[in-house]
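Hydrogens, waters and symmetry mates are skipped; everything else that's a heavy atom, side chains included, is used. Model, not experiment: these values are computed from the prediction.
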Amino acid sequence: MSTPKFRVAICGGGVGGLTLAVALSRYPDIVVDVYEAAQSFYEVGAGIGIWPRAFKVLRKLGHDIEQQLLQRCGYQFTEEYVPGIKHRKSDQAVGTQLFELITKGNQMRFHRADFHGVLLSHLPPSCTTHNTKRLKAYIQPFRHRSRNSSITLIFTDGSTATCDVLIGADGIKSAVRSCMMRELAECMDPDGKQSVLSCINPVWSGVTAYRTLIPAEKLRARCPDHPVFGGEITQYLGKDAFFLAYTVSLGKYINIAGFTLQPDLVDTVYEADARIPRRPFEGKANSEWVGELTAKQFVEPFKGFEEEARLLLECVDRGTLWAAHTVKPLPSTNFGRVALLGDAAHAMLPFQGAGAGMSIEDAYLLATVLGHKATTLDTVPRALAIYDKLRRPFSSDVALRSRFNGQLCAFQTNVPLHELGKTITKNWEWAWLTELDDALKEAIKLVENSSININ
Ligand SMILES: Cc1cc2nc3c(=O)[nH]c(=O)nc-3n(C[C@H](O)[C@H](O)[C@H](O)COP(=O)(O)OP(=O)(O)OC[C@H]3O[C@@H](n4cnc5c(N)ncnc54)[C@H](O)[C@@H]3O)c2cc1C
């Protein structure tokens, strides 16, 4: 290999970190190290849906990845208009169909472990992975524009490493974000300082998620013609609580994700319910937000729901509870030669199934600006500022749309039931009617024309 132009350290091997590592593999002059806190790269046993906008980005990673993802998914990707998600009013003895979300292109749904496995198997030899490496802090020399000033990474086991560029893909409790906000705060007046420092800790959204997978056979034995086997997603809506269900792993499992929304608790400190045991998550930092649910606890928020919903819930053996936290809008996602992506930059509510897609988009745009031949070690700060300029406003907007979608689905807005379909569609159509390509073109233009001011 020729002399590398720089060494990139990716902190965190989740969806965003691994996508970035794979996307950077197209640039042989960049050396990549991935540092992951957990002992192994793994994902929770749950489903994940990827909308056309993000799936088209995954396709850019190569034919082989696309084919393997399609195999795991079990159906083809289409760009036609297709029925997307059925929405029912289910908090009553006899439910009613409210509307069907029609999307241009279908949502691709995976078991998280399957999805992660495909990315992992495409890590190139130029990428070294390091497990059980939880970053505690980094030190970026003040003269980060100087060629010989490496960034030092400090891990909780006392070891250190160096890199030229650091990308924090370390999720909602990002250690990289924490250090970056402190760095930013040092350049601010006291008021600005407080505001920047308040972005370090995630805030509770008042939303609790209930997640589980049920074996499809179990439901089939009770109800062989349950609508979930038709392959569509259904959202069973109710006042203040709703859940969605769809099949994953080629129909072997049914993913159920339920939510309760308590508006009076938005931005409060989450207090775990003492009756729900904490889940000791190997390597993961947010175990105090995750609990083990019995079947009875899982179904509790949805009692009184219609039969179609109840049949699914009756198959639940156990599940996990997640207190959904978010990251406040950041003043910046880059500083010097450090940048944030995915949940580290903009953890959002899961009501549009967009968080992983956003981290995939972030990763691809970052790889595009870093890998571009016009980007050198000296111009990395500008490349990262271009990334921030193009991604931060977009992801902030998606975060607001996602929050609103949850409120609509939990009947917490003034939108009348007959207007719900139109409102939900309008609020969500960015995920299938827009593409990352415009931002990619703009990014390349800005990288190639260093005289264009990006502030
Ligand atoms: C109930 C629910 C349902 C969802 N459904 C969807 C969906 O259908 N579609 C969708 O697009 N999104 C969905 N999301 C959101 C999605 O899961 C996240 O947005 C996505 O996983 C973020 O990816 P990431 O790579 O940024 O972070 P993560 O997936 O959180 O990965 C971060 C990685 O960094 C590691 N790490 C953490 N701290 C450190 C450290 N200090 N040092 C080193 N490593 C560290 C972690 O171990 C982890 O491997 C859902 C979320 C929830 C809660």
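The neighbour count for F298 CZ, taken as heavy atoms of other residues, nucleotides or ligands under 6.0 Å away, is above 12. Sparse packing is recorded around NZ of K422, with 12 or fewer heavy atoms of other residues, nucleotides or ligands lying under 6.0 Å away. Enclosure of atom CD in E80 is not indicated, since only 12 or fewer non-hydrogen atoms of other residues, nucleotides or ligands lie within 6.0 angstrom.
Sorted by first and then second residue, the salt bridge (charged side-chain N to carboxylate O under 4.0 Å, His left out) pairs involving residues 239-254 (not counting sequence neighbours) form an empty list. Counting only residues at least two apart or on different chains, the side chain to side chain donor-acceptor pair (under 3.5 Å) pairs with a member in residues 14-26 are R26-Y364.
R392 places no side-chain N or O within donor-acceptor distance of the main-chain N or O of P329, the cut-off being under 3.5 Å. Using a distance-only test at 3.5 Å, with no hydrogens or angles considered, a donor-acceptor pair links the side chain of Q92 to the main chain of V94. The main-chain N or O of A38 is found under 3.5 Å from a side-chain atom of E36 such that the two form a donor-acceptor pair. Proximity of a side-chain donor or acceptor of Y387 to a complementary backbone N or O of L340 within less than 3.5 Å is detected. Under the 3.5 Å distance criterion, the side-chain polar atoms of R211 are left unmatched by any main-chain donor or acceptor of T320. Looking at R403, its side chain never comes within 3.5 Å of a backbone N or O of A399 through a donor-acceptor pair. A donor-acceptor contact shorter than 3.5 Å links the side chain of S402 to the backbone of L349. No donor-acceptor pair under 3.5 Å is formed between the side chain of R401 and the backbone N or O of E429. Under a 3.5 Å cut-off, the side chain of Q352 and the backbone N or O of N427 do form a donor-acceptor pair. Of the possible polar contacts, none joining the S90 side chain to the G95 backbone as a donor-acceptor pair under 3.5 Å is found.
A salt bridge does not link D33 with R7: every distance from a Lys NZ or Arg NE/NH1/NH2 to an Asp or Glu carboxylate oxygen is 4.0 Å or more. Looking at R59 and E66, a side-chain N of the basic residue comes within less than 4.0 Å of a carboxylate O on the acidic one, giving a salt bridge. Residues E306 and R88 are paired through a salt bridge, judged by an N-O separation under 4.0 Å between the basic side chain and the carboxylate. For K60 and D437, the salt-bridge test passes: some basic side-chain N is under 4.0 Å from an acidic carboxylate O. For the pair K56 and E79, the salt-bridge criterion is met [side-chain N within less than 4.0 Å of a carboxylate O]. The existence of a salt bridge linking D157 and R134 is excluded, since no basic side-chain nitrogen approaches an acidic carboxylate oxygen closer than 4.0 Å.
Not counting sequence neighbours, Q194 has no partner by the side chain to side chain donor-acceptor pair (under 3.5 Å) test. Remark: Q67 engages H63, L70 in a side chain to side chain contact (heavy atoms under 4.5 Å, CB included) (not counting sequence neighbours). Not counting sequence neighbours, H226 has no partner by the side chain to side chain donor-acceptor pair (under 3.5 Å) test. Remark: S174 engages D170 in a side chain to side chain donor-acceptor pair (under 3.5 Å) (not counting sequence neighbours). Contacts of R220 classified as side chain to side chain contact (heavy atoms under 4.5 Å, CB included), with partners at least two apart in sequence or in another chain: A216, E217, P224, F229. For A410, the side chain to side chain contact (heavy atoms under 4.5 Å, CB included) partners at least two apart in sequence or on another chain are F242, L261, Q412. Residues satisfying the salt bridge (charged side-chain N to carboxylate O under 4.0 Å, His left out) criterion with D114, sequence neighbours excluded, are absent altogether. Applying the side chain to side chain donor-acceptor pair (under 3.5 Å) rule to N414 yields no partners; only residues at least two apart in sequence or on another chain are considered. A search for side chain to side chain contact (heavy atoms under 4.5 Å, CB included) contacts involving C199 returns M181, K328, L330, P331, not counting sequence neighbours.
For the residue pair E308 and Y236, a side-chain donor N or O sits within less than 3.5 Å of a side-chain acceptor on the partner. A side-chain N or O of T333 and one of D388 form a donor-acceptor pair less than 3.5 Å apart.
If you look at W430 and W51, their ring centroids are not closer than 6.0 Å. Ring-centre distance between F243 and F302: below the 6.0 Å cut-off.
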Working for side-chain contact (heavy atoms from CB on, under 4.5 Å), residues T103 and Y81: CA-CA 5 Å; T103 60; Y81 276 95; over 6 Å; no
Working for ring pair (Phe, Tyr, Trp, His ring centres under 6.0 Å), residues F351 and F259: CA-CA 9 Å; F351 300 132; F259 306 98; 5.0 Å; yes
L370 and L384: CA distance, side-chain angles, deciding distance, side-chain contact (heavy atoms from CB on, under 4.5 Å) verdict: CA-CA 8 Å; L370 288 175; L384 298 184; 4.0 Å; yes
Chi angles and distances behind the salt bridge (Lys or Arg N to Asp or Glu O under 4.0 Å) call for K296, E300: CA-CA 6 Å; K296 193 163 166 250; E300 174 69 23; over 6 Å; no
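Side-chain contact between I151 and L153 is present, with at least one heavy-atom pair separated by less than 4.5 Å. Taking the side chain as every heavy atom from C-beta outward, V207 and T260 never approach each other to under 4.5 Å. With contacts defined as side-chain heavy-atom distances shorter than 4.5 Å, the pair V203/T326 qualifies. Between H87 and L101, some side-chain heavy-atom pair lies under the 4.5 Å cut-off.
Taking the ring centre of F155 as origin, the terminal cationic atom of K133 falls inside the region bounded by 6.0 Å and 45° from the ring axis.
Atom CZ of F404 and atom OG1 of T413 lie 5.5 Å apart (nearest 0.5 Å).
Residue A161 comes nearest to Y35 through the heavy atom pair CB-OH, 3.4 Å, listed as atom of the first residue, atom of the second, then distance. Residues C315 and K218 share a closest heavy-atom pair of O-NZ, 3.2 Å.
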Without placing hydrogens or testing angles, list every side-chain donor-acceptor pair under 3.5 Å for residues 356-363, not counting sequence neighbours.
unit_1 : atom_1 : unit_2 : atom_2 : d
S359   : OG     : A356   : O      : 2.8
E361   : OE1    : R53    : NE     : 3.1
E361   : OE1    : R53    : NH2    : 2.7
E361   : OE1    : R391   : NH1    : 2.8
E361   : OE1    : R391   : NH2    : 3.4
E361   : OE2    : R53    : NE     : 2.7
D362   : OD1    : R391   : NE     : 2.7
D362   : OD1    : R391   : NH2    : 3.1
D362   : OD2    : G342   : N      : 2.9
D362   : OD2    : H346   : NE2    : 2.7

